[in-house]
Amino acid sequence: MNAPNRRTLIAATASALVTPCLIPNPARAATSAPWLAYDRRLRRQLAENRGDFDPDFEIDLHDLGDIFRRGQGLSELAHDPGLTLAARAHAADVARTSVFDHMTREGFGPAARVGLLARDLIGAPGENIAERMNGSGAVRPDQIMGQWKGSAGHRANLLAPGFTHVGYGVLRQGREVLAVGAYAEVSARLAAPAPLRVASVTAIAAALSNAVPRIDQFSISEPGAEALIETYVEAPGARTLPPGAWQLRPHLSTGARKHLVAWGPVFVLG
């Protein structure tokens, strides 16, 4: 069946230029247990459904997406393994839960999946989803791409000029296909995937130590929240954060004392 029209959720890029400072708000962390459970669930879905993913279909979607972008004068998107994991995991999770949406019942969206599974990526993510079962014949990649082109929100993701990377996940269940596209504007890369569980803010700073481009200052926020709870310049200060789930918010230099606040991996502290 044709996928219903859904509002595409794009994690907003923090575009304001800011001077790093300590935010006086009380530090509030998200409860860690739901985040750890969701991470385990996504990784279990990736392992249990490995044989049902269709890599050739995923490659075809990538090629068709690039053809569409080139036709509009836009650059092609680079393949990203972490985004592919996020896309595949959500496709498998949708199949398991029968919740065809960008948001899970618990309230986890595209930014949560990218923050958990694309652990070397600094940037702003977005997502397309589709499901289809033909009356006769197998579902083709051009049919899924056609559904996305015909939906304003999904089309906007396909043609977003700021996106630089993509990963597609396609899960086959008999004659039905579930497809997810995970897109991102990648602003920086960590030298290695960041650990999910950390004992201190110092460990978060260590994960940033070899980022490209260099990142000397960063903030911490509740996962998915715009409000910055604490900002660190070059190295963590004496103040500690309470245990729980936090999101890394790196500051990317745009000039003297000006920085763009980006999105990074989710950490569970304590």
Side-chain angles (χ1 to χ4, degrees), residues 9-32 34-36 38-39 82 86 107-126 162 164 184-270:
L9 303 181
I10 304 176
T13 306
S15 57
L17 298 178
V18 301
T19 300
C21 61
L22 194 66
I23 304 299
N25 297 337
R28 293 177 53 202
T31 304
S32 60
W35 284 89
L36 292 171
Y38 188 49
D39 179 75
F108 293 112
R113 290 182 281 280
V114 172
L116 287 170
L117 296 177
R119 302 202 58 78
D120 67 337
L121 187 152
I122 305 296
T164 57
E185 178 182 359
V186 178
S187 306
R189 289 281 186 184
L190 305 184
L196 174 61
R197 304 199 69 159
V198 294
S200 66
V201 177
T202 302
I204 299 177
L208 280 171
S209 61
N210 293 311
V212 179
R214 181 182 175 91
I215 298 173
D216 290 326
Q217 46 200 43
F218 63 96
S219 296
I220 299 294
S221 72
E222 295 179 58
E226 291 285 354
L228 307 181
I229 299 298
E230 187 102 31
T231 295
Y232 302 94
V233 179
E234 296 183 349
R239 289 185 61 177
T240 59
L241 291 171
W246 298 97
Q247 187 151 26
L248 177 65
R249 303 296 304 279
H251 294 200
L252 305 177
S253 177
T254 60
R257 296 178 59 81
K258 293 182 179 180
H259 295 80
L260 179 72
V261 182
W263 297 87
V266 171
F267 289 90
V268 173
L269 182 64

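Counting heavy atoms from C-beta outward, E230 and V201 have side chains that stay 4.5 Å or more apart. Within the 4.5 Å cutoff, the side chain of V266 has no heavy atoms near those of the D39 side chain. Residues S219 and H251 are in side-chain contact: their nearest non-hydrogen atoms beyond the backbone lie under 4.5 Å apart. Between V114 and W263, the closest side-chain pair of non-hydrogen atoms is not below 4.5 Å. A heavy-atom distance below 4.5 Å is found between the side chains of P265 and I122.
For the pair R249 (side chain) and I220 (backbone), a donor-acceptor distance under 3.5 Å is absent. For the pair S32 (side chain) and V268 (backbone), a donor-acceptor distance under 3.5 Å is absent. Between the side chain of Q247 and the main chain of F267, no donor-acceptor pair closer than 3.5 Å is present.
Contacts classified as salt bridge (charged side-chain N to carboxylate O under 4.0 Å, His left out) and involving residues 190-214 (residues at least two apart or in different chains) are given here: R214-D216. Pairs engaging residues 107-119 under the salt bridge (charged side-chain N to carboxylate O under 4.0 Å, His left out) rule: R113-E127 [sequence neighbours left out].
With values rounded to the nearest 0.5 angstrom, Q217 atom CD is found 11.0 Å from L208 atom CG.
When the side-chain contact (heavy atoms from CB on, under 4.5 Å) test is applied to S209, no partner is found at least two apart in sequence or on another chain. Applying the side-chain hydrogen bond (donor to acceptor under 3.5 Å, both in side chains) criterion to R189, with sequence neighbours excluded, gives D80, D120. With sequence neighbours left out, the side-chain contact (heavy atoms from CB on, under 4.5 Å) criterion links L269 to V198, L241, W246. Take F108 and apply the ring pair (Phe, Tyr, Trp, His ring centres under 6.0 Å) test, not counting sequence neighbours, and it matches W35, Y38.
Between A262 and L252 the shortest heavy-atom distance is CB-CD1, 4.0 Å. Contact detail for P243 and G270: the closest heavy-atom pair is CB-CA, 4.5 Å. The shortest heavy-atom contact between A194 and A207 is CB-CB, 4.1 Å. For the residue pair A30 and P223, the shortest heavy atom distance occurs at CB-CD, 3.8 Å.
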